[in-house]
Amino acid sequence: MKKPIIFLVLIFCLASCTSTVDSDIPPTTSQSDEECTVETINSFIESANAVENRLYHLSQQAVMKISMGEDLWPIVEDMFLVESDADQINAPPCILKTKAALTSYVETFVQVYSGLYAEITGVRTDLPPPISDINELASSKYDYYQTKMEELRNLLIEKKLREIAYSSSLVLPNPRST
């Protein structure tokens with residue numbers, strides 16, 4: 001009876017990893033353009049995507065280990081390392097809200113698997129809410145993180161378009177001078 005419940009929780013957790021964010025969310029920017037360059041945004045997005053991909057692959061491995069009755073702890077330890085890596089991502093002030101959304105989601109995601117490990121092994125942990133509540137919270141935090149990432153991607157597009165428009169205005173000859 002425990003295995004079907006655990007699988008349902010894992011499936012729900014994995015299902016929360018798909019984005020359902022509308023793509024026409026306007027970016028909210030009040031930051032200095034000097035700190036928020038195309039390069040810094042790209043760098044953050046690449047780092048955040050790497051963290052997200054590592055978590056996804058670790059969650060897949062966790063499902064496999066649980067289904068085969070193997071020890072989940074090595075995967076949970078790796079998830080803690082990913083959490084630490086997410087904390088170490090450099091983010092200028094213009095990206096801090098997105099970074100906070102990422103680290104909050106990753107922390108809660110790791111709590112889900114720590115809780116599953118505790119349920120499977122009977123090991124006591126200090127996780128206050130039940131696993132289903134943590135899973136729901138992780139899903140909600142993931143949605144918020146995706147919203148912030150979409151805003152950041154829109155800001156990146158806007159900045160790139162401005163760069164193109166600026167460079168085009170420098171290259172194009174003035175039609176009145178001919």
Side-chain angles (χ1 to χ4, degrees), residues 9-65 72-117 125 127 131 134-167:
V9 169
L10 286 174
I11 289 171
F12 180 71
C13 185
L14 290 174
S16 72
C17 292
T18 59
S19 178
T20 58
V21 178
D22 294 333
S23 62
D24 44 323
I25 299 171
T28 56
T29 60
S30 61
Q31 300 83 9
S32 167
D33 277 347
E34 296 165 4
E35 297 172 332
C36 201
T37 65
V38 168
E39 293 78 22
T40 58
I41 295 171
N42 270 332
S43 176
F44 177 83
I45 289 173
E46 287 173 9
S47 298
N49 285 342
V51 163
E52 193 175 351
N53 288 336
R54 285 175 55 205
L55 272 184
Y56 174 76
H57 290 293
L58 287 170
S59 67
Q60 294 291 322
Q61 291 173 17
V63 169
M64 292 298 293
K65 286 200 176 275
L72 184 61
W73 186 247
I75 301 298
V76 173
E77 284 181 320
D78 288 345
M79 287 181 177
F80 281 117
L81 293 174
V82 173
E83 181 179 1
S84 176
D85 290 347
D87 287 337
Q88 299 302 314
I89 295 174
N90 290 328
C94 64
I95 301 176
L96 287 179
K97 286 183 181 179
T98 307
K99 181 183 177 185
L102 170 67
T103 56
S104 179
Y105 160 67
V106 170
E107 177 184 334
T108 309
F109 186 90
V110 173
Q111 284 181 355
V112 168
Y113 284 91
S114 297
L116 284 173
Y117 173 76
T125 64
L127 297 175
I131 295 301
I134 296 172
N135 196 31
E136 189 175 316
L137 181 61
S139 178
S140 172
K141 287 184 177 187
Y142 180 77
D143 290 343
Y144 179 71
Y145 159 68
Q146 287 299 322
T147 299
K148 300 311 282 179
M149 284 296 284
E150 189 63 33
E151 289 175 3
L152 195 57
R153 287 183 189 102
N154 288 338
L155 177 61
L156 179 64
I157 291 168
E158 179 185 304
K159 284 183 169 288
K160 283 185 177 183
L161 288 174
R162 267 194 252 137
E163 282 182 1
I164 291 169
Y166 179 74
S167 64

Which heavy atom of [X] sits nearest a heavy atom of [Y], and at what distance?
| X | Y | result |
| --- | --- | --- |
| Ile75 | Ala62 | CG2-CB, 3.9 Å |
| Lys141 | Ser104 | NZ-OG, 3.0 Å |
| Lys148 | Ala101 | CG-CB, 4.0 Å |
| Ile41 | Ile95 | CA-CD1, 4.0 Å |
| Leu96 | Ala91 | CD2-O, 3.6 Å |
| Arg153 | Gln146 | NH1-OE1, 4.4 Å |

Give the C-alpha distance, both sets of side-chain angles, the deciding distance and a yes or no for ring-ring contact (aromatic ring centres under 6.0 Å, His included) between Tyr113 and Phe109. CA-CA 7 Å; Tyr113 284 91; Phe109 186 90; 5.2 Å; yes

If we check side-chain contact (heavy atoms from CB on, under 4.5 Å) with Thr147, which of these qualifies: Glu151, Met149, Glu150? Glu151

Working to the nearest 0.5 angstrom, can you tell me the gap between [X] [atom1] and [Y] [atom2]?
| X | Y | atom1 | atom2 | result |
| --- | --- | --- | --- | --- |
| Tyr105 | Ser139 | OH | OG | 8.5 Å |
| Trp73 | Lys65 | CH2 | NZ | 14.0 Å |
| Leu152 | Leu102 | CG | CG | 11.0 Å |
| Gln111 | Leu116 | CD | CG | 12.0 Å |
| Asp85 | Phe80 | CG | CZ | 13.5 Å |
| Glu77 | Leu72 | CD | CG | 10.5 Å |

Main chain of [Y], side chain of [X]: is a donor-acceptor contact present, judged purely on distance under 3.5 Å?
| X | Y | result |
| --- | --- | --- |
| Lys160 | Val38 | no |
| Lys99 | Pro93 | no |
| Ser43 | Glu39 | no |

Can you find a side-chain donor-acceptor pair between Tyr142 and Glu52 that sits under 3.5 Å? yes

For the pair Glu163 and Lys159, evaluate salt bridge (charged side-chain N to carboxylate O under 4.0 Å, His left out) and give the outcome as yes or no after the intermediate values. CA-CA 6 Å; Glu163 282 182 1; Lys159 284 183 169 288; over 6 Å; no

